[in-house]
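First comes the structure, then the notes that go with it.
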Amino acid sequence: KAGVTQTPRYLIKTRGQQVTLSCSPISGHRSVSWYQQTPGQGLQFLFEYFSETQRNKGNFPGRFSGRQFSNSRSEMNVSTLELGDSALYLCASSLVWTSGNTDTQYFGPGTRLTVL
Amino acid sequence: AQSVTQPDIHITVSEGASLELRCNYSYGATPYLFWYVQSPGQGLQLLLKYFSGDTLVQGIKGFEAEFKRSQSSFNLRKPSVHWSDAAEYFCAVGDQAGTALIFGKGTTLSVSS
């Protein structure tokens, strides 16, 4: 079974621009979560989507947004990019049980975003 | 506040020696605990997880971890380290909903020959 895929793998943008990152979950996984990884702050949760709805959100400004499509693929968008948004953005997918709880999160390779 | 502490930022171990990476957590609910490994430029690979039951869990690549509720710890161990184990290791905690993992800052493992 194919793993989580993320595109693109690398991005270079300038301050003020916006960017869209894409994540395709493992087949059958309906929950997608996004994390930001930086040397200073480590791994931080951005948000989680299930059934095209955001169920949980981390402590990030409104410039960070996401969505999920009916095929469970997800995108995240960052508007008005700042230098501090340079990071590795990781997507994770997981099964969702009938209770609504999720199983283990499996991560993709990440998208490395550099903001100049 | 919910948190995960990995006290060791960097550890160097000789090839063939044993390894123990420490992880302490602070979590109000019943914790689900994970260890992930990250090689440079890569995503996170799941090593093992603890949901319930036997407090000693086995993972991939010969790793194991022991959950000690009284000490709020979930330390990762390996009896004999290989050079290919050099990477960054992250401990994480989640809840039954499992949607938002809280990660430690990570421990970088170097393996010397």
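Remember, it's a predicted structure, so these values are computed and weren't measured experimentally. All chains are named by letter (A, B, ...) in the order of the sequence lines, taking the proteins before the strands, and each is independently numbered beginning at 1.
B:Y25 and B:L48 fall within the same hydrophobic cluster, where Ile, Leu, Val, Met, Phe, Trp and Tyr residues are linked whenever their side-chain heavy atoms come under 4.5 Å apart, directly or through other members. Taken together through direct or relayed side-chain contacts under 4.5 Å among Ile, Leu, Val, Met, Phe, Trp and Tyr, A:L116 and A:V19 form parts of separate hydrophobic clusters. Neither A:V96 nor A:W34 shares a network with the other; the hydrophobic side chains, linked directly or stepwise wherever heavy atoms of I, L, V, M, F, W or Y lie under 4.5 Å apart, form separate groups for each. The cluster map of Ile, Leu, Val, Met, Phe, Trp and Tyr, joined by side-chain heavy atoms under 4.5 Å apart, puts A:M76 and A:L81 in the same cluster. Both B:W35 and B:V4 sit in one connected hydrophobic cluster of ILVMFWY residues. Membership requires side-chain heavy atoms under 4.5 Å apart, directly or through other members.
In this structure the side chain of B:L44 never reaches within 4.5 angstrom of the side chain of A:Y35, judged on heavy atoms. Side chains of B:Q38 and A:L43 form no contact here, defined as non-hydrogen atoms less than 4.5 Å apart. Using a 4.5 Å heavy-atom threshold, the side chains of B:Y32 and A:T102 count as separate.
In terms of heavy-atom pairs under 4.5 angstrom with chain B, the leader among A:L90, A:N56, A:T104, A:L88 is A:T104.
The 12-atom threshold is exceeded at CG of A:N71, counting heavy atoms of other residues, nucleotides or ligands nearer than 6.0 Å.
Considering every non-hydrogen atom in both B:L101 and A:F45, the closest pair reads O-CB, 4.3 Å.
With a 4.5 angstrom heavy-atom cutoff, A:R112 does not touch chain B via any of its atoms. With a threshold of 4.5 angstrom between heavy atoms, A:Q37 approaches chain B through side-chain atoms but not through N, CA, C or O.
B:K105 places no side-chain N or O within 3.5 Å of a backbone atom of A:P39 that could act as its donor or acceptor partner.
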